[in-house]
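Worksheet for the structure shown next.
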Number of protein chains: 2
Amino acid sequence: MSRPTLKAIAKRAGVSVATVSRALSGRGRVDETTRQRILRIAEELGYAPDMAARSLVLRRTENVGFLIHALQSLSPHTFYGEILTAVERELRRHRYHLQFATVEDEALPALIKENRVDGLLLVGCDLPASLIQGLKERGLPVVLVDNHVPGVDSVFTDNTGGAFQATAHLIRLGHRRIAFIAETLDNLSFRERLEGYRQALEAHGMPFDPALVAEGERGFEGGFLAMSTLLQRARPTAVVAANDPTAASAMRAIRAHGLRIPEDIAVVGFDDDPLAVHTEPPLTTMRVFRSKMAVLAVARLLDLIKNPEQPALHIRIETQLIIRQSCGSPLT
Amino acid sequence: MSRPTLKAIAKRAGVSVATVSRALSGRGRVDETTRQRILRIAEELGYAPDMAARSLVLRRTENVGFLIHALQSLSPHTFYGEILTAVERELRRHRYHLQFATVEDEALPALIKENRVDGLLLVGCDLPASLIQGLKERGLPVVLVDNHVPGVDSVFTDNTGGAFQATAHLIRLGHRRIAFIAETLDNLSFRERLEGYRQALEAHGMPFDPALVAEGERGFEGGFLAMSTLLQRARPTAVVAANDPTAASAMRAIRAHGLRIPEDIAVVGFDDDPLAVHTEPPLTTMRVFRSKMAVLAVARLLDLIKNPEQPALHIRIETQLIIRQSCGSPLT
DNA sequence: TTGTAGGCGTTATCAT
DNA sequence: ATGATAACGCCTACAA
């Protein structure tokens, strides 16, 4: 019924708990035949060390926290969902466990105060800066995922470079009036994508026109709103959307205005969301390497847990242009 | 630097650790003025009990495991993502924590063996039956979410009833040749939805024609494949899809065959996935109450943790028809 | 009302 | 090579 303990194994094997502990952990000399006997008994009983007792004495939990902003996880959670599962898989490979928590404000999550984790993955760029600082100052190993700030280790996507590529693709196709839309610009990734768009225009000697930039609102209709707003004051031949849901939503707005995609307006998204393949026409977009991000972040965090005193590393992952049909062929 | 302990507070307050423990837990009589003093000091120091020590003596972790099949979480994880965040929020309200893990086979997850959780939420219907039984026999409180088997507590969606409604909606609109497609039928929910479809036909005196049922393959192109297969051997005027991604994918297949939606073929989905609003035309579908499911499952699990000896409860949640534009108006 | 002491299961430091 | 034994931080009889 109740789980076997070292003591139970010790009694069966006719040795002390100390010997059993050594035999199982491999951290001390034990006679080979008694070790075999102990291992066999432990196996029979289905023994596994009690993590509470273990972490009490070892001062580590073999647990990593995965923190994400509560709002953030509503809309693009297909995005963070993939990261989550990839992170968990990678942690498991290292015999670590994942504690999942959402944060709604700047308060220190109970996870931390109660010592439930050895380190933290802070996912997404909507976590309050003050919280990140607070965590960092606590001395807890921390890695930012899909976000970056000075002084804290991070693994993130090359948003600026990606948006540059996306915009350059449109320019290559002959577009000269290219717009940029986002659900919101109150988000680091989206601002970086706007910056990449701006840099691409500049690199090609094209003017940056603020009238060609529009913002909607958070949520699934954000892209629709942004695109509608934009169409009322300008008539671009192409649009770079800050992410795929925004692009998909904008496509509906474009059609609602009686325009065709890509003939009248070409659209490029960002993220290569599963959704991208379902839009009409399928969406050309920038692929973001979610599971790569997860694997690198886990590796970095476990390294920091083992060896805390290290200079912060910032790992930037490039994106890849995925050409589908929402941008059509070169304009003539 | 290191976290404050009861001892530290006791020293500052000039009392014993026992008194501090009592003052903070409220589980014993303590003089009101010393209690105030202790509370103040604890607050100042930012004290929180060490969970390892606490759960070692209390024999509980205040941790709940959220288990999901590794494959399952790839494709429809927008669905389980919402459940995950809702579950975490609800657990937090009860001062519980969430341990997230994916399972790839029937092996008992380390979470359990190491005593890291007080109970489990088993999410989705792809977890192996043998694993569920193993867990149940271990005496660990368990609640199935979006799944159900005899003998184990569960909270799930009324798939059969929902598919019945969806099909009845099409019949009401005048359709007589109604098809059913799924990515796969190797899934309890999808089989139940097929059953609801069948029952609706029967209830309206319509024959069940196996030629009108098609299965594709798991993954985002599953619906496309199923629909293409179907169109080669039959020509329905409407189709019930086992879920929204399948429906969205099928819509592309329908258009690829030069047919219009809803004029030539009406489509109804299932889940009310965020995606449903992005399809062209927007998808009529059955809404599934994910966060309701989460809240009920958490409540049930926490109750079982407190009071383990209870008969199993099976909580079924009805769905709601959301009418958008993929089914058009009544046929004449 | 408060303090002393024992124990939860594990690891680590001593002896032996 | 093995066995006592003392922590780890907390809770809870029991004693004062």
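Predicted model only: the values in this text are computed from it and were never measured. Below, each value reflects all heavy atoms present in this structure, side chains not excepted, and no hydrogens, waters or symmetry copies. Sequence lines set the chain letters: A, B, ... in the order given, protein chains first and strands last, and positions in each chain run from 1.
Across B:Leu24 and B:Ala42, no two heavy atoms sit closer than the pair CD2-CB, 3.9 Å. Here the closest non-hydrogen pair linking B:Leu91 and B:His97 is CD1-O, 3.9 Å. Taking all atoms of both residues into account, the shortest heavy-atom contact from A:Leu127 to A:Ile132 is O-CD1, 4.0 Å. Here the shortest heavy-atom pairing between B:Arg290 and B:Asp271 reads NH2-O, 2.9 Å. Closest non-hydrogen pair, A:Leu111 versus A:Gly65, comes out as CD1-CA, 4.4 Å.
Comparing B:Arg35 and B:Ala53 by the nucleotide of DNA chain C that holds the closest heavy atom to each, the one mapping nearer the 5' end is B:Arg35.
A parallel orientation is assigned to the rings of B:Phe100 and B:Phe66, their planes being inclined by less than 30° (bins at 30° and 60°).
One can place CD1 of B:Ile9 at 12 Å from C1' of D:dC10, the figure rounded to the nearest angstrom. Note: CD (A:Glu32) to P (D:dT2) measures 11 Å, nearest angstrom.
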>> Across nucleotides 11-16 of chain D, 5' to 3', mark each nucleotide with B, S or - according to how protein heavy atoms within less than 4.0 Å reach it.
In response: SBB---

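Within the 4.0 angstrom heavy-atom criterion, only backbone atoms of the sugar-phosphate kind lie near B:Thr5; the bases stay farther away. Among the heavy atoms of the strands lying under 4.0 Å from B:Thr34 are primed sugar atoms or P, OP1, OP2 only; no base atom is included.
A:Asp146 contributes no side-chain N or O that, together with a main-chain N or O of A:Phe156, makes up a donor-acceptor pair within less than 3.5 Å.
From the 5' end on, the contacts that DNA chain C makes with chain A at under 4.0 Å to a non-hydrogen atom open and close at C:dG9 to C:dT13.
For the pairing with A:Val87, the side-chain contact (heavy atoms from CB on, under 4.5 Å) check across A:Val295, A:Val64, A:Val298 returns one residue only, A:Val298.
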